[in-house]
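A quick write-up on the structure given underneath.
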Number of protein chains: 2
Amino acid sequence: MAELPFPELDAHSDRAVFRQIADHIRDAIEREALHEGDKLPSEAQLMQHYGVARMTIRNALQVLQSEGLTVAEHGRGVFVRSRPPVRRLASDRFARRHRERGKAAFIAETEEAGGKPSVDSIKVTEQAAPPEVAQLLGLAAGAPVIVRSRRYLINGQPVETAVSYLPADIAKGTRIEQPDSGPGGIYARLEELGYRLDRFVEEIRSRMPFREEVRALKLAPGVPVFNLVRTAYAADSRAVEVCDTVMSTDAYVLSYELPAR
Amino acid sequence: MAELPFPELDAHSDRAVFRQIADHIRDAIEREALHEGDKLPSEAQLMQHYGVARMTIRNALQVLQSEGLTVAEHGRGVFVRSRPPVRRLASDRFARRHRERGKAAFIAETEEAGGKPSVDSIKVTEQAAPPEVAQLLGLAAGAPVIVRSRRYLINGQPVETAVSYLPADIAKGTRIEQPDSGPGGIYARLEELGYRLDRFVEEIRSRMPFREEVRALKLAPGVPVFNLVRTAYAADSRAVEVCDTVMSTDAYVLSYELPAR
DNA sequence: GGCGTCTACTCGTCTAGAGGAGTTTGCCCT
DNA sequence: AGGGCAAACTCCTCTAGACGAGTAGACGCC
């Protein structure tokens, strides 16, 4: 039986045994003695090596999993989590010069990076505006809004969900209510309707995902999500859209350029 | 003995018992039958209510904790996690008009919001630039940089750690090397040195914290961190500073305004 | 060769218990 | 009234074992 590359437990330490074991494995990952995708020793091997009960080992593995360092696969083993390639969202991705090429931002970017974009689960409804949305849109609470929800995928992998809210008096009866909102996306439609877009405000939060988000985005355990809420303002400073997106923090880096003026 | 406000287990469901229990409690929190700061029923009470072993209850509680919904306090109980007031970082917070008032951004903002700002653990060293930093600064790998690290607190609570890197040929021998970099902070010093700041680029990531970050920021379990890396460019497009900050996602909302042009 | 089956190995779930350590409460003694 | 102490209650750590279910490789049969 091969020796495992982990030190012995420190019996004098007041650090709990399962934490010490987690520390050993974490160290091995951080100094790259274990690489992305490598299989960890099995629970049985770790039990033997450390001479502890199975629950103690499972506790240690649980710590690593909730830190997002490992993933367990039933029947196969526990593996060092590998990170998918990162998508960078630049702050100018909604600039008009891009939109005028006739493609929505997501499609254009993904194709440019050599991926196959697709959009999924498109639903359009009319609802009363939720309070936060009403506030951002400058509407009375409960005012009618058109709600477009959809899911974005790259090469078949879900990467982002998005829900857009538009005041019904702007969007009702327009192509924005169609599942396929046409070339250039809803921002192009808004400009055709005479709402010349002036600026966006993006608010970024991050948190652990809800259960449905884990499912919809196929998230690994221990991976938080970004929640980005973008409000689009027309030239008269009227808010014309609020877009609420959720994306895996694993797959995204957000990038903004700011003037120092 | 009071009835607990949770339904019975569904014996036919193939969802694991501990997950069903976690679902019940999560539901109660989400529909606000349990409010922020409320104490959950004790492990013993839950065991009795559901008629299961203690480890099953603990498993359920573990799920909620790693979702960031609850915190356990040794000897006291398990509580619905309460969120601290949120600090909003606006994208214009480093605008020159603010800086010229002679206060660093953090100090000014915090006082404005009625908090008592402080800065902590200030360390200044000269080191070889780490690879990512060298790349952002446009320096050769290993070029000498001045490294300023510090921790920011509001009312004594740590909220953010920051490490700034400046090319040694710019900062060496200047007040930037002093622990107290003077009124207006290092951006003010850079402008005095003739590096008129032109723009910033901020890159935002989010992930679960490392162990040291949990300690330094006193993070609750299940709370991810923002990692914001800001590069400051002078008018000649030379990168003059890289600032690597880590903050609790609990305490911050990041906000950016973008032109639609 | 191809296809099933069997088996060993993996992690997932759950039980039943023990001792420990931090917190709160109330009671007793002064 | 006040201080000190013990009990009761909380969560924390760990043990030992059982059964289940998914995976993968070996093996034998066709």
Side-chain angles (χ1 to χ4, degrees), chain A residues 1-2 4 8-25 34 37-66 69-81 211 214 220-222, chain B residues 1-2 4 8-25 34 37-66 69-81 211 214 220-222:
Chain A
M1 137 119 208
L4 298 186
E8 309 254 307
L9 293 175
D10 177 357
H12 301 336
S13 164
D14 54 359
R15 191 161 176 79
V17 172
F18 76 90
R19 291 190 199 281
Q20 290 189 49
I21 297 175
D23 291 347
H24 292 173
I25 302 175
L34 288 168
D38 281 4
K39 189 168 172 306
L40 264 55
S42 73
E43 294 176 357
Q45 283 175 303
L46 290 167
M47 283 171 69
Q48 241 236 287
H49 175 78
Y50 286 108
V52 299
R54 174 136 177 262
M55 287 307 299
T56 306
I57 297 296
R58 284 186 60 79
N59 249 321
L61 294 174
Q62 170 64 42
V63 169
L64 298 172
Q65 172 144 336
S66 75
L69 293 174
T70 60
V71 278
E73 294 185 31
H74 192 167
R76 305 216 319 122
V78 179
F79 301 85
V80 179
R81 196 159 67 82
R211 273 226 280 139
V214 172
Chain B
M1 137 125 209
L4 298 186
E8 309 253 308
L9 292 175
D10 176 357
H12 302 332
S13 164
D14 55 358
R15 189 160 176 79
V17 172
F18 76 90
R19 293 191 195 284
Q20 290 188 49
I21 297 174
D23 291 347
H24 293 173
I25 302 175
L34 289 167
D38 280 5
K39 188 165 170 311
L40 265 55
S42 73
E43 294 175 357
Q45 284 174 301
L46 289 167
M47 281 170 70
Q48 241 235 286
H49 176 78
Y50 286 110
V52 299
R54 176 126 180 279
M55 287 305 301
T56 304
I57 298 295
R58 284 187 60 78
N59 248 324
L61 295 175
Q62 169 64 42
V63 169
L64 299 171
Q65 171 143 337
S66 74
L69 292 174
T70 60
V71 278
E73 294 185 31
H74 192 164
R76 304 216 318 122
V78 179
F79 301 85
V80 180
R81 196 158 68 81
R211 271 226 281 140
V214 172

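Chain naming here is simple, since letters A, B, ... match the order of the sequence lines and numbering starts at 1 in each.
The two residues A:K39 and A:G77 come nearest to each other via the heavy atoms CE-CA, 4.1 Å. Between A:L4 and A:H49, the shortest heavy-atom distance links the atoms CD1-CB, 3.6 Å. Here the closest non-hydrogen pair linking B:L46 and B:P41 is CD1-O, 3.7 Å. B:L64 approaches B:A22 most closely through the heavy-atom pair CD2-O, 3.7 Å.
In the 5' to 3' direction, nucleotides of DNA chain D lying under 4.0 Å from heavy atoms of chain B begin and end at D:dT10 to D:dC14. When DNA chain C is scanned 5' to 3' for any atom under 4.0 Å from a heavy atom of chain A, the first and last hits are C:dT10 to C:dC14.
Comparing A:G75 and A:R54 by the nucleotide of DNA chain D whose heavy atom lies nearest to each, the residue mapping closer to the 5' end is A:R54. Summary of the strand contacts: B:E73 and A:T56 both lie near DNA chain D, and taking for each the nucleotide with the nearest heavy atom, the more 5' one is attributed to B:E73.
No contact: B:R15 has no heavy atom under 4.0 Å from any strand.
In this view, A:F18 satisfies the ring pair (Phe, Tyr, Trp, His ring centres under 6.0 Å) rule with no residue, not counting sequence neighbours.
Contact check for A:S13 versus A:Q20: side-chain heavy atoms found under the 4.5 Å cut-off. Within the 4.5 Å cutoff, the side chain of B:E43 has heavy atoms near those of the B:L61 side chain. Residues B:L40 and B:V80 meet the side-chain proximity criterion, which asks for heavy atoms closer than 4.5 Å.
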